[in-house]
Amino acid sequence: LIGLKAAQKKAHVNQAVKKDTDKVVDTVDMEDIGEKKVFCRCWRSSKFPYCDGTHNKHNAATGDNVGPLIVKGQAA
Ligand code: FES
């Protein structure tokens, strides 16, 4: 059973973000988007929910191809 739990944890998409909560939910108000915001979709950013570029390391290490979501706001 310990092996199963370890395997389940390893299979989690989310390895480190807010693991003390049942569900990670973030809200960003449109007025805070500014010109653009870059959101993490690999779940490895230290600035989650924002991208910090860590997806590049993940892709290089695993052969994956994940990248961020870029939300463009109204230009100033
Ligand atoms: Fe996760 Fe960039 S760090 S998408």
Side-chain angles (χ1 to χ4, degrees):
L1 189 60
I2 291 173
L4 178 60
K5 284 196 181 268
Q8 287 173 328
K9 187 173 182 191
K10 198 171 183 182
H12 288 183
V13 170
N14 178 13
Q15 294 290 310
V17 178
K18 300 179 187 172
K19 293 303 278 185
D20 57 333
T21 63
D22 291 337
K23 186 188 323 182
V24 178
V25 177
D26 296 293
T27 302
V28 177
D29 291 330
M30 288 304 292
E31 55 263 26
D32 295 332
I33 295 294
E35 198 170 310
K36 78 173 182 182
K37 286 282 188 281
V38 183
F39 291 90
C40 177
R41 295 192 297 182
C42 76
W43 287 87
R44 282 157 177 82
S45 174
S46 63
K47 298 190 316 188
F48 197 90
Y50 301 105
C51 172
D52 70 354
T54 301
H55 60 268
N56 291 310
K57 279 187 207 163
H58 166 76
N59 288 344
T62 65
D64 209 345
N65 67 346
V66 296
L69 166 68
I70 300 173
V71 177
K72 294 181 177 178
Q74 294 183 337

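Quick note: residue numbers are just sequence positions, from 1.
- Membership of an apolar cluster is not assigned to Val66, as no side-chain contact below 4.5 Å to another ILVMFWY residue is traced.
- For the atom pair CD1 (Ile33) and NZ (Lys72), the distance works out to 13.0 Å, reported to the nearest 0.5 Å.
- Scanning for side-chain contact (heavy atoms from CB on, under 4.5 Å) contacts around Gln8 gives Leu4, Lys5, with sequence neighbours left out.
- Between the CG atom of Leu69 and the SG atom of Cys51 there is a distance of 10.5 Å, given to the nearest 0.5 Å.
- For Thr54, the side-chain contact (heavy atoms from CB on, under 4.5 Å) criterion is met by Arg44, Asp52, not counting sequence neighbours.
- In this structure, the side chain of Asn59 does not engage the main chain of Asn56 through any donor-acceptor pair within 3.5 Å.
- For residues 52-73, no residue pair satisfies the ring-ring contact (aromatic ring centres under 6.0 Å, His included) rule, not counting sequence neighbours.
- Of all heavy-atom pairs between Asp32 and Val28, the closest is CB-CG1, 4.4 Å.
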- prompt: Could you go step by step and tell me if Gln15 and Trp43 meet the side chain to side chain contact (heavy atoms under 4.5 Å, CB included) rule?
  reply: CA-CA 7 Å; Gln15 294 290 310; Trp43 287 87; over 6 Å; no

Residues 17-24 side chain polar contacts: donor-acceptor under 3.5 Å, at least two apart:
residue	atom	partner	partner atom	Å
Lys18	NZ	Asp26	OD1	2.8
Lys19	NZ	His12	ND1	3.3
Lys19	NZ	Asn14	O	2.8
Thr21	OG1	Lys18	O	2.9

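- To the nearest 0.5 Å, atom OH of residue Tyr50 and atom OG of residue Ser45 are 11.0 Å apart.
- Using a 4.5 Å cut-off between side-chain heavy atoms of Ile, Leu, Val, Met, Phe, Trp and Tyr, with links allowed through other members, Val13 and Phe48 fall into the same hydrophobic cluster.
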